[in-house]
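Convention: sequence-line order gives letters A, B, ...; per-chain numbering from 1.
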Amino acid sequence: MNRIDQLFQNKQQRVLNVYFTAGYPQLNDTLAIMESLEQSGADLIEVGIPFSDPVADGPTIQESNGIALDNGMTLKLLLEQLAELRKTVSVPVVLMGYINPIVQYGIEAFCKKCAEIGVDGFILPDLPMFEYLETYKPVFDQYGLYNIFLITPQTSEARIREIDDNSHGFIYMVSSASTTGARASISADQSEYFARVKGMNLKNPTLIGFGISNAETFDKACDNANGAIIGSAFIKAISQEGGLKENIETFVKSVIG
Amino acid sequence: MKVKVDERGYYGNFGGAYIPEMLYPNVEELRENYEQIVGAEEFQQKFNALLKDFVGRPTPLYAAERLSEQYGAKIFLKREDLCHTGAHKVNNTIGQILLAQRLGKQKIIAETGAGQHGVATATVCALMGVECIVYMGEVDMARQRPNVERMRILGAEVRAAKSGSRTLKDATNEAMRHWINNPTDTHYIIGSVVGPHPYPEMVARFQSVISAEIKAQLKEKEGRENPDYVIACVGGGSNAAGAFYHYYDESDVKLIAVEAAGKGNDTGESAATTVLGKPGVLHGSKTLLMQTEDGQVVEPYSISAGLDYPGIGPVHAHLHETGRAQFYSVTDDEAMKAGVQLSRLEGIIPAIETSHALAALNQMNFNADDVVVLNLSGRGDKDLETYIKWGKY
């Protein structure tokens, strides 16, 4: 069974998914960050594959992508770093990235490697559903890898249903019309959207991301979905002075209590 | 061979709509509505009236006698440099502002490289009384300063793109991010035949007035609609798409696309995508792309800000792959010399982008009776500082 399904079978509430950019702050921090995240109580880990042109991301994640690339991170190196992942990390792991580096690596080779390593799925924001169904899905399915789709406040009900029908694992609810990290709080409009989606009784669990940064926004998201995703705020937390492990523990504790 | 975009937005293997879900409703709204809006008689009347009375179309097809003598062929220049605002870019912005109005959008954003598309966008926004924000790379703002000030005089806000190489690619990233953050009231006027479907085809259609006019004008002057060659420079490729459009399926017409080789294709400082690129995905479409082995987009280089882009429009990737168009590349120095040559021979100072197309004439062999149409896409006023800095005239 895919680890994501296992997770949601055991836990339907307050699921915490944390994003970080591989190769940031230091090139070889990847596994150490993942181990600390799991030990601190993260339920799911989203590893960002850095890209030169991350159009869906705000300034914080753009910067971490740039630094990771300057540090020498590549998709090939990341997969090497993750080779021993399952010796120390047991929570589900998804890779998040833009499609071009994966196209260059080769879709089949990439999926094969990810399955060997023990990756559970992908979040690929610029891979449209149409292209996914036509070209990617057969390969993802062959290797048991889930593709996680995004929905936004502008996504129509019909398209949400279509996405729900074609999703495995969970649905990533983008909290507002924005790039990552853009909002500081949750507005009335957003609450309406959360309630609307909740009322649709989707087949897949939902996690809310974008603008989730602390205990308050995490709690609010958890009132409306199975959990939440934190990215930019975590990147900021591990950019601070002090030990990486301590910063991670302090941050996760401050969010989940 | 037919050159045509299919329902999924592909020209052969290139195109599509690789966009984040946040942009899906905007792009879908455009895709669903644009053909009907643009096809309506009322739209066409308004569009054509503005092209005639505001832009100054039809632009002349000028028989360049001294240039013809130099190269031993009959060379015609399609004078897009005489368009209002100084380049072909305004053909597209007129079309898109009319489209945006009919979609009920009150705000306009755009990206710009050389500043020509930014000026053309700021111009139509002033014309229609619409708020306008133009993203421009910080590096380009410095080297195309007159255009920055023109946009500001026209009432547009120019925002510096400070990420990455701080050129056209990064201005496009910032414009896309702005659109993600403002999805309901804003239309994004993309300036070239790039971006997610339906942009490449839509922009090409607005620019296709260029080849429609060439056909009629050449018929009048030479008694034939089809020249032997159509030559145009390619950054993203909007002037080339416009000049090629009605000739795509006319196999007797050789289509020549000219890319910027910067300091040379083997120097690491070039923007010649068909030479240095391979298939990849950027800014919403699958196309030829300059990139590292890891799939990171490479910073291109050209003296010309308008050609300084790591990709090309998907239609051009298709024309390249199928061999329908021949691609040449021209260095900074060759282009600058060709620009000065045209100035001396014909009394026309061309934009440096256009000078690349002119320089390709040196790489070609013509028969004396060959009819050649070169799309003179823009004028050189904006490039004076670059000409002065280069200094060899």
Side-chain angles (χ1 to χ4, degrees), chain A residues 49-59 62-63 65-66 68-69 72-78 97-106 110 123-132 134-135 149-156 159-160 163 171-174 176-180 182-183 210, chain B residues 7-10 15-29 31 111 161-165 169-186 195-197 278-287 289-299 310-311:
Chain A
I49 304 163
F51 185 49
S52 53
D53 296 83
V55 291
D57 285 301
Q62 281 174 45
E63 202 190 334
N65 274 252
L69 291 173
M73 183 51 81
T74 62
L75 180 52
K76 193 166 167 244
L77 177 61
L78 172 60
Y98 295 82
I99 197 68
N100 196 52
I102 294 165
V103 171
Q104 303 313 317
Y105 191 96
F110 174 69
I123 299 172
L124 307 167
D126 59 345
L127 177 65
M129 186 159 57
F130 169 81
E131 303 290 346
Y132 162 72
E134 181 122 312
T135 312
F149 286 102
L150 277 57
I151 62 171
T152 82
Q154 274 71 42
T155 311
S156 69
R159 186 163 169 88
I160 294 176
I163 285 171
I171 289 175
Y172 190 139
M173 275 180 76
V174 175
S176 66
S178 71
T179 44
T180 51
R183 299 280 199 289
F210 288 38
Chain B
E7 268 178 28
R8 308 165 307 145
Y10 276 84
Y18 291 82
I19 43 163
E21 187 64 29
M22 291 80 98
L23 288 178
Y24 180 83
N26 304 38
V27 171
E28 187 64 9
E29 180 186 29
R31 192 186 66 77
E111 85 297 336
K162 295 178 178 178
S163 56
S165 56
K169 160 179 92 80
D170 312 285
T172 307
N173 289 342
E174 291 304 331
M176 287 187 140
R177 289 182 186 121
H178 182 110
W179 209 21
I180 287 172
N181 283 286
N182 300 273
T184 51
D185 61 353
T186 302
H197 177 63
K278 51 189 175 163
V281 177
L282 182 70
H283 295 152
S285 54
K286 187 173 179 196
T287 188
L289 188 63
M290 290 170 59
Q291 55 187 312
T292 65
E293 199 185 329
D294 184 43
Q296 308 300 334
V297 181
V298 165
E299 321 280 359

*At what distance, to the nearest 0.5 angstrom, does CD of B:Glu111 lie from CH2 of B:Trp179?*
11.5 Å
*Which of the residues A:Leu124, A:Asp57, A:Asn100 is involved in the greatest number of heavy-atom pairs with chain B at under 4.5 angstrom?*
A:Asn100
*Look at the side chain of A:Thr152 and the backbone N and O of B:Met22, then say whether any donor-acceptor pair between them is shorter than 3.5 Å.*
no
_For B:Leu23, which atoms come within 4.5 Å of any heavy atom of chain A: side chain, backbone, both, or neither?_
neither
*How many angstroms lie between atom OG1 of A:Thr179 and atom CG of B:Asn173, to the nearest 0.5 angstrom?*
11.5 Å
*At a heavy-atom separation under 4.5 Å, does B:Pro196 approach chain A through its side chain, its backbone, both, or neither?*
neither
*Checking heavy atoms, do the side chain of B:Tyr18, its backbone, both or neither come under 4.5 Å from chain A?*
both
*Contact winner vs chain B - A:Pro59, A:Gly66, A:Pro128, heavy-atom pairs under 4.5 Å*: A:Pro128
_Interchain contact, B:Thr172 with chain A, by part (heavy-atom threshold 4.5 Å)_ = neither
*Between B:Arg8 and A:Glu134, is the closest basic N to carboxylate O distance under 4.0 Å?*
yes
*Identify, with sequence neighbours excluded, every residue that meets salt bridge (Lys or Arg N to Asp or Glu O under 4.0 Å) alongside B:Lys169.*
A:Asp53
*Given that the side chain runs from C-beta out, which part of B:Glu174 has a heavy atom under 4.5 Å from chain A: side chain, backbone, both or neither?*
side chain
*By a 4.5 Å heavy-atom criterion (distance strictly below it), what part of A:Ile163 contacts chain B: side chain, backbone, both, or neither?*
side chain
_ring pair (Phe, Tyr, Trp, His ring centres under 6.0 Å) partners for A:Tyr105, two or more places apart_ = none
*So which part of A:Ile99 gets closer than 4.5 Å to some heavy atom of chain B, the side chain, the backbone, both or neither?*
side chain
*Are the side chain of B:Glu299 and the backbone of B:Pro310 linked by a donor-acceptor contact shorter than 3.5 Å?*
no
*For A:Val55, is it the side chain, the backbone, both or neither that has a heavy atom under 4.5 Å from a heavy atom of chain B?*
both
*Indicate yes or no for a side-chain donor-acceptor contact from A:Asn65 to the backbone of A:Phe51 under 3.5 Å, with no hydrogens or angles considered.*
yes
*At a heavy-atom separation under 4.5 Å, does A:Leu77 approach chain B through its side chain, its backbone, both, or neither?*
neither
_Strictly distance-based, threshold 3.5 Å: is any side-chain N or O of B:Gln296 a donor or acceptor partner for the main-chain N or O of A:Pro50?_
yes
*Can you say whether B:Glu28 sits under 4.5 Å from chain A via the side chain, the backbone, both, or neither, judging by heavy atoms?*
neither
_chain A contact via B:Ile180 - side chain, backbone, both or neither, heavy atoms under 4.5 Å_ = both
*Below 4.5 Å from any heavy atom of chain A, which atoms of B:Lys278 appear? Answer side chain, backbone, both or neither.*
side chain
*Heavy-atom distance under 4.5 Å to chain B: side chain of A:Gln154, backbone, both or neither?*
both
*Could you go through the salt bridge (charged side-chain N to carboxylate O under 4.0 Å, His left out) check for B:Glu21 and A:Arg159 one step at a time?*
CA-CA 11 Å; B:Glu21 187 64 29; A:Arg159 186 163 169 88; 2.6 Å; yes
